[in-house]
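The analysis underlying the following values was restricted to heavy atoms, covering all of them including side chains, and did not include hydrogens, waters or symmetry mates. If you read the sequence from its start, that first residue is 1, and numbering goes on from there. Note that the coordinates shown come from a computational prediction; the quantities given were computed from them, not determined experimentally.
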Amino acid sequence: MSTAILTGPPVPGSQLGPDLRTLGFDVQQALLPDDLPRLLAEVPAGERVALVDPRFLGHVHALRLALTDPRFPAASVPGALTVQAEARPALTRALAGGTHAPAAQVGTASVLADDIAAAIEADGVAVHHPELGSLVATVPADAVAAEAAAQAVAAVDDEAVRLRNAVKSRDGFFTTHFISPYSRYIARWCARRGLTPNQVTTASLITALIAAGCAATGTRGGYVAAGVLLILSFVLDCTDGQLARYSLQYSTMGAWLDATFDRAKEYAYYAGLALGAARGGDDVWALALGAMVLQTCRHVVDFSFNEAHVVGTDATANTSPTAALSDKLDSVGWTVWVRRMIVLPIGERWAMIAVLTAATTPRIVFYALLIGCAFAACYTTAGRVLRSLTRRATRTDRAALALAELADSGPVAQLVAARAPRIPGAPVVAAVGAVALIAAALTQPVGSGQMIVAAVFYAVLSGLAVARPLKGALDWLVPPLFRVAEYCTVLILAARSDVSGALPAAFGLVAAVAYHHYDTVYRIKGGSGAPPKWLVRLIGGHEGRTLVVTVLAAVLATRDTDFTLALTALAAAIALVVLVESIRFWVSSGAPAVHDEGETA
């Protein structure tokens with residue numbers, strides 16, 4: 001329960017009390033100046049408390065945005081302030097302050113909630129001020145102002161605004177024009193029946209897994225059903241975020257589910273297609289794994305670039321001519337949609353997968369995925385490289401730390417980094433190691449000593465690449481290069497080993513490692529840093545896992561299915577350790593809330 005305290009005598013005819021109760025508040029009235037500290041003291045320390053001026057006039061949704069969003073320790077609109085448990089001490093200090101004493105302000109023309117909001121902000125508490133747009137929130141000074149405010153409230157349908165704001169402002173063409181026009185109403189339907197975003201997210205996952213099962217049947221009917229269910233899963237995937245924004249139901253559990261289930265759904269569907277193709281006598285596991293590798297590496301490029309250029313990590317603003325050209329193109333409406341579509345965001349990608357699944361074969365689906373995602377990866381990466389090369393900025397320690405955490409360096413690379421000379425050119429060093437490793441995997445016999453030497457060489461260069469803080473213009477390329485090297489080595493060794501079941505086992509291994517890397521990204525985005533160092537050491541880091549897989553291939557690739565069993569065991573061990581730690585972290589009270597930070601739908 002939350003408590004709202006009206007900081008003054010009631011206003012005749014006001015609907016403020018009922019509106020606050022509709023929002024879930026227990027409403028108290030501070031009739032006299034001395035009532036406010038007493039009523040505040042009666043609210044349990046762990047509960048949210050709101051201070052609202054009884055003269056407040058505005059839309060209910062304006063109050064909802066200010067008073068019910070759980071992501072912020074304090075939030076305010078004119079005439080209303082809310083604080084959560086972590087900000088309660090600052091509220092107490094503000095009420096005790098001389099210039100903000102309630103005895104001097106309750107019942108006067110001053111707006112106490114606004115004064116207290118300014119006081120706790122000056123005390124170091126970040127107060128969120130939601131953008132209201134056309135919504136009204138005000139404390140009128142006289143009858144004329146009150147009449148004008150009432151007319152402004154009547155002129156705007158806050159439910160229409162609420163529905164519109166439930167949809168992301170920047171989304172893909174397919175999602176914007178073919179999903180959101182009706183999924184927002186599904187979100188409202190869910191809200192009115194008490195459904196939570198987490199329940200909708202889970203329904204989306206279950207639907208996608210059923211779609212993968214249908215694809216695994218290998219029949220035309222199964223493929224058609226899989227395509228339809230995949231689109232339905234995506235509708236639910238859009239609905240859960242819209243429901244969270246519509247009803248302001250944000251949670252750390254929701255952050256974790258939203259951050260991980262999209263990848264689980266897509267990659268499970270890849271596996272279903274590969275199983276269905278195998279039933280028809282077509283082995284496409286290498287294509288399925290290649291599609292997963294390419295898609296994951298694309299995301300790492302996005303994450304790494306964004307972390308290196310996030311607000312607060314550059315000493316100067318973006319002065320890149322490439323960025324200026326992009327801004328100029330944004331002024332031409334149709335170019336915005338074209339550029340959003342050609343990078344194959346999740347909406348366009350899933351629509352393409354669904355249609356091709358229903359109409360063609362899994363092999364064609366994967367060919368289209370590989371071609372489309374490869375083009376998108378080249379387009380986005382080239383643009384970001386150009387921006388970085390022409391950008392006049394200095395990377396901060398925070399950005400360098402984020403890139404180092406994304407690198408996922410294990411004990412071997414860390415040992416080399418600690419003892420080796422700090423040479424410049426981290427992306428070049430990482431690229432040389434990655435190219436040498438992949439070239440060896442492609443050309444050397446799987447069980448040869450040369451392959452192991454290449455893996456050791458890669459591990460050493462990996463340590464050299466991260467020996468210096470990653471503050472260079474292109475140092476954000478280091479984590480993606482490491483992902484390409486590790487994932488592609490596993491794919492190539494499994495494919496070239498000709499061991500039965502090696503590719504499906506490699507698919508499982510890459511999926512487990514990719515989950516660890518996505519988990520790392522969303523922890524960093526939440527401001528809590530990378531997973532604990534013991535976890536990274538235990539699962540070997542990218543260079544350690546690459547060494548292990550290379551040695552396993554050299555020792556076991558000629559011993560029938562032993563290589564498959566070893567890859568399966570390694571995948572299971574990594575998945576178990578990573579999932580247990582991830583679940584522990586994300587369900588803990590200290591886990592960060594990350595919402596709508598992932599790929600554009």
Salt bridge present between [X] and [Y] (N-O < 4.0 angstrom):
X: Arg523; Y: Asp519; result: yes
X: Glu266; Y: Arg349; result: yes
X: Asp171; Y: Arg340; result: no
X: Arg545; Y: Asp408; result: yes

State whether the number of non-hydrogen atoms from other residues, nucleotides or ligands found under 6.0 Å of Arg419 atom CZ is greater than 12.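 Not more than 12 within 6.0 Å, no.
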Would you tell me whether [X] and [Y] have side-chain atoms, one donor and one acceptor, within less than 3.5 Å of each other?
X: Gln242; Y: Ser183; value: yes
X: His542; Y: Tyr487; value: no
X: Tyr269; Y: Ser233; value: no
X: Thr360; Y: Tyr223; value: no

Mind listing the closest non-hydrogen atom pair of [X] and [Y] along with its distance?
X: Ala434; Y: Ala485; value: CB-CB, 3.7 Å
X: Trp534; Y: Glu581; value: CZ2-OE1, 3.9 Å
X: Ala407; Y: Val466; value: CB-CG1, 4.2 Å
X: Pro427; Y: Asp475; value: CD-OD1, 3.1 Å
X: Ile438; Y: Cys488; value: CD1-CB, 4.0 Å
X: Ala268; Y: Leu209; value: CB-CD2, 3.7 Å

Any idea how Tyr267 and Tyr518 line up, ring-wise: parallel (<30°), tilted (30 to 60°), or perpendicular (>60°)?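 If you compare the ring of Tyr267 with that of Tyr518, the planes turn out tilted.
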Is any side-chain heavy atom of [X] less than 4.5 Å from a side-chain heavy atom of [Y]?
X: Asp237; Y: Asp262; answer: yes
X: Cys214; Y: Leu229; answer: yes
X: Cys373; Y: Leu344; answer: yes
X: Leu461; Y: Leu464; answer: yes
X: Thr520; Y: His516; answer: yes
X: Arg298; Y: Val343; answer: yes
X: Leu273; Y: Val284; answer: no
X: Lys168; Y: Arg245; answer: yes

Please answer whether the main-chain N or O of [Y] pairs with a side-chain N or O of [X] as donor and acceptor at a distance below 3.5 Å.
X: Gln249; Y: Pro197; answer: no
X: Glu543; Y: Gly410; answer: yes
X: Ser588; Y: Phe585; answer: yes
X: Glu348; Y: Phe173; answer: yes
X: Ser448; Y: Pro445; answer: yes
X: Arg279; Y: Gly218; answer: no
X: Arg483; Y: Val301; answer: no
X: Asn198; Y: Val200; answer: no
X: Asn306; Y: Asp302; answer: yes
X: Thr357; Y: Ile353; answer: yes

Gap separating the [atom1] atom of [X] from the [atom2] atom of [Y], nearest 0.5 angstrom:
X: Thr296; Y: Glu486; atom1: OG1; atom2: CD; answer: 11.0 Å
X: Leu232; Y: Thr239; atom1: CG; atom2: OG1; answer: 9.0 Å
X: Leu289; Y: Leu509; atom1: CG; atom2: CG; answer: 9.0 Å
X: Ile492; Y: Thr443; atom1: CD1; atom2: OG1; answer: 9.5 Å
X: Thr201; Y: Leu236; atom1: OG1; atom2: CG; answer: 9.0 Å
X: Leu552; Y: Phe563; atom1: CG; atom2: CZ; answer: 6.5 Å

Evaluate the salt bridge (Lys or Arg N to Asp or Glu O under 4.0 Å) criterion for residues Asp397 and Lys471: first the C-alpha distance (whole Å), next the side-chain angles of each, then the deciding distance (0.1 Å), finally the verdict. CA-CA 8 Å; Asp397 291 338; Lys471 294 185 176 182; 2.5 Å; yes
Pair Leu477, Ser304 - check side chain to side chain contact (heavy atoms under 4.5 Å, CB included), show working. CA-CA 7 Å; Leu477 286 169; Ser304 188; over 6 Å; no
Applying side chain to side chain contact (heavy atoms under 4.5 Å, CB included), run through Arg384 and His309 and close with a yes or a no. CA-CA 10 Å; Arg384 287 167 178 172; His309 298 87; over 6 Å; no
Evaluate Phe305 against Val385 for side chain to side chain contact (heavy atoms under 4.5 Å, CB included), listing each step before the verdict. CA-CA 9 Å; Phe305 179 83; Val385 168; over 6 Å; no
Do Val521 and His517 pass the side chain to side chain contact (heavy atoms under 4.5 Å, CB included) test, and can you show the C-alpha distance, the side-chain angles, and the key distance before you say yes or no? CA-CA 6 Å; Val521 164; His517 290 143; 5.9 Å; no
